[in-house]
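Inspection log for the structure reproduced underneath, given as structure tokens.
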Amino acid sequence: ATGVVIDNESNIIVSGYRVKNSITDIEIVLVKLKSNGKIDSSFGENGISSLSIDKLNYTTGMIQQPDGKIIISGQNMKNEYDFKSIFLARFNPDGSIDSSFGENGYAVRKFDLATTSESVAIQEDGKILTGGTYNLYSSRPAYYIARYNSDGSEDNSFGDNGIASYTFGLGQGSDDWFNELHAITVQPDGKIICGGQQGDYATWSYDMGLVRFNQNGTLDNSYGEDGVVKINYPDHFSQIITLMMQPDGKLIAGATAQDNVVGADPMLLMRFLDNGELDPGFAINGIQATTNSNFSIACKSGNLEPDGKIILAGYSNSRLLVARYNGDNVLASNFKEVKAIQEN
């Protein structure tokens, strides 16, 4: 399983992939459960829908449209060495393939070099975004975002022929710079933020990175430093894993950090202002680090609750781990009786 959504009737839809006949035959799978956990037999065939685009089909993300249709993102491969295609597939609320989307219900995008599909998001206008890492095995891979129209066709008005991209490390540092995108999200104003890891092999500085694009796919130079933000967590290798957008436009990020000591690696929760700076009113200078005694924590996903609380999920010491955080301003909650007035 790689994705889960809760629909308007509290049903649970899970997406993932499964071995069909052999390890060279892997298909996309959707399962629908009722709110009590029982299979909803009215969905697909006895509660399960499946789709094969290529020999190997690996899902990476899922979102549900306001009309109840389900979009799945992932990687379709002819064999285990084929990393040049990504896909989007759309299912109707009843589990059937939406034949009006792309070609026969799915859209495949081919690249000239190895490319990953890591995250999927939807804009208010119904256009769909998917993101990952382009030219994965090169000395300087790039963050990329591809945009599609609501019918699954490529939106060539976005970026460069439908692709917006950014490569950390160009013109600086060594010849080898590691970049990997893990998450994308859309601001209330339509701007797009992606996050992951970036770092210089020569100096062993693997830090967190954020990039913001305008609605048309151009780099937003008003964000951070010329459109990008680098975040260092001292004495650790760190990477952003998940992004969540608050209604007020502040960005929440969940991340993982590692040092050279076995155990005790923390999970990071951060909040950013609209200009890309860490929010000093959140946790300690914008960062909350969570540890689990001498065991390391790995963050894998996150969710922003309707009441503003934040959930990060992952694992620690071979166990599943879930942590919930308050999303309020620390000063505001502790000094709520203090009144301020403006003078001069």
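Index from 1, following the sequence.
Taking every heavy atom of both residues into account, I128 and I71 meet most closely at CD1-CD1, 3.4 Å. Residues S296 and S316 share a closest heavy-atom pair of O-OG, 2.7 Å. The minimum heavy-atom distance linking L268 with A289 is given by the pair CD2-CB, 3.8 Å. What you find for A142 and T167 is that their closest heavy atoms are CB-OG1, 3.1 Å. Counting all heavy atoms, side chain and backbone alike, F43 lies closest to N92 at CE1-O, 4.4 Å. The minimum heavy-atom distance between P247 and P188, with the atom names listed, is O-CG, 3.7 Å.
Tested against S117, the residues N76, L88, T130 include a single side-chain contact (heavy atoms from CB on, under 4.5 Å) partner, T130. Tested against R212, the residues N275, D220, N221 include a single side chain to side chain donor-acceptor pair (under 3.5 Å) partner, D220.
Under the 3.5 Å distance criterion, the side-chain polar atoms of R140 are matched with a main-chain donor or acceptor of G169. Distance alone, capped at 3.5 Å, is enough to place a donor-acceptor pair between the S49 side chain and the G95 backbone. Of the possible polar contacts, one joining the D7 side chain to the S10 backbone as a donor-acceptor pair under 3.5 Å is found. With N294 contributing its side chain and A264 its backbone, the two residues share no donor-acceptor pair below 3.5 Å. Checked by atom type and distance alone, the side chain of R90 never pairs as donor or acceptor with a backbone atom of S100 at under 3.5 Å. Judged by distance alone, the side chain of D307 and the main-chain N or O of K309 form a donor-acceptor pair under 3.5 Å. Of the possible polar contacts, none joining the Q187 side chain to the K191 backbone as a donor-acceptor pair under 3.5 Å is found. Between the T133 side chain and the E180 main chain, no donor and acceptor come within less than 3.5 Å of each other. A distance-only check finds no donor-acceptor pair linking the side chain of T185 to the backbone of A183 [under 3.5 Å]. In this structure, T256 contributes its side chain and Q239 its backbone to no donor-acceptor pair below 3.5 Å.
One finds a salt bridge joining D98 and K69 here, because a Lys/Arg side-chain nitrogen approaches an Asp/Glu carboxylate oxygen to under 4.0 Å. A salt bridge links D279 with K250; the closest basic N to acidic carboxylate O contact falls under 4.0 Å.
Within a 6.0 Å radius of CG in L170, more than 12 heavy atoms belonging to other residues, nucleotides or ligands are found. In the displayed structure, K230 atom NZ is contacted under 6.0 Å by more than 12 heavy atoms of other residues, nucleotides or ligands. Heavy-atom neighbours of D235 CG from other residues, nucleotides or ligands within 6.0 Å: at or below the threshold of 12. Atom OH of Y17 has 12 or fewer neighbouring heavy atoms from other residues, nucleotides or ligands inside a 6.0 Å radius. Counting heavy-atom neighbours within 6.0 Å of D189 CG, excluding the residue itself, gives a total above 12.
Two residues are said to be in side-chain contact when any heavy atoms from C-beta on lie closer than 4.5 Å; M62 and I70 meet this criterion. In this structure, the side chains of I145 and C194 come closer than 4.5 Å at one or more pairs of heavy atoms. Using a 4.5 Å heavy-atom threshold, the side chains of M270 and M208 count as touching. Side-chain atoms of H236 and P266, non-hydrogen and from C-beta on, do get closer than 4.5 Å to each other. Side-chain contact between Y223 and I193 is present, with at least one heavy-atom pair separated by less than 4.5 Å. Looking at L312 and V322, their side chains never come closer than 4.5 Å, going by heavy atoms from C-beta outward. Considering only heavy atoms from C-beta on, L210 comes within 4.5 Å of I240 through its side chain. In this structure, the side chains of M245 and L251 come closer than 4.5 Å at one or more pairs of heavy atoms.
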Could you walk me through whether R147 and Q123 pass the side chain to side chain donor-acceptor pair (under 3.5 Å) check? CA-CA 10 Å; R147 191 164 76 185; Q123 299 181 172; 3.2 Å; yes

With side chain to side chain donor-acceptor pair (under 3.5 Å) as the test, would you mind laying out the steps for T242 and S301 before giving the verdict? CA-CA 6 Å; T242 183; S301 64; over 6 Å; no

Would K55 and T24 count as a side chain to side chain contact (heavy atoms under 4.5 Å, CB included) if you check the C-alpha gap in whole Å, the side-chain angles of each, and the deciding distance to 0.1 Å? CA-CA 6 Å; K55 280 291 185 181; T24 59; 5.7 Å; no

For a side chain to side chain contact (heavy atoms under 4.5 Å, CB included) check, start with the C-alpha distance between D207 and Y233, then their side-chain angles and the critical distance, and finish with the verdict. CA-CA 7 Å; D207 298 323; Y233 189 69; over 6 Å; no

Please test I39 against N46 for side chain to side chain contact (heavy atoms under 4.5 Å, CB included), starting from the C-alpha separation and ending with a verdict. CA-CA 8 Å; I39 295 286; N46 296 318; 5.8 Å; no

H182 and Q197: side chain to side chain donor-acceptor pair (under 3.5 Å), yes or no, with the steps? CA-CA 8 Å; H182 293 301; Q197 187 175 47; 5.6 Å; no

Criterion salt bridge (Lys or Arg N to Asp or Glu O under 4.0 Å) on K20 and D25, from CA distance to verdict: CA-CA 6 Å; K20 188 177 179 181; D25 188 2; 5.0 Å; no

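Figure legend: R109 and Y148 shown as a cation-pi pair, the cationic atom lying under 6.0 angstrom from the six-membered ring centre and within 45 degrees of its axis.
Going from atom CD1 of I48 over to atom OG of S41 covers 11.0 Å, rounded to the nearest 0.5 Å. Rounded to the nearest 0.5 Å, atoms CG (N79) and CZ (F83) are 9.0 Å apart. Annotation: the span from I53 atom CD1 to S85 atom OG amounts to 10.0 Å, rounded to 0.5 Å. We find the OH-CG distance between Y134 and L113 to be 4.0 Å, quoted to the nearest 0.5 Å. Remark: D226 CG to L219 CG distance equals 8.0 Å, nearest 0.5 Å. A distance of 6.5 Å separates CD1 in I163 from OH in Y144, rounded to the nearest 0.5 Å.
F158 and V211 fall within the same hydrophobic cluster, defined by Ile, Leu, Val, Met, Phe, Trp and Tyr side-chain heavy atoms under 4.5 Å apart, directly or through other members. No chain of hydrophobic side-chain contacts below 4.5 Å, direct or via other Ile, Leu, Val, Met, Phe, Trp or Tyr residues, connects L56 to Y106. Cluster annotation: L243 is not connected to I310 through the hydrophobic network of ILVMFWY side chains, with a link wherever side-chain heavy atoms come within less than 4.5 Å. At a threshold of 4.5 Å between side-chain heavy atoms, the hydrophobic network of Ile, Leu, Val, Met, Phe, Trp and Tyr places V31 and F91 in two separate groups. Linking ILVMFWY side-chain heavy atoms closer than 4.5 Å, directly or via other members, places I252 and M267 in a single hydrophobic cluster.
At a cut-off of 3.5 Å, with distance as the only test, a side-chain donor of T2 or T59 sits close to an acceptor on the other residue. Neither side chain, S205 nor D200, offers a donor N or O lying under 3.5 Å from an acceptor on the other.
For Y206 and F237, the ring centers are positioned less than 6.0 Å apart.
Taking the six-membered ring for Trp and thresholds of 30 and 60 degrees, Y143 and F168 have ring planes more than 60 degrees apart, a perpendicular arrangement.
Evaluation of the salt bridge (Lys or Arg N to Asp or Glu O under 4.0 Å) test over residues 110-136, restricted to residues two or more places apart or in two chains, returns K127-D155.
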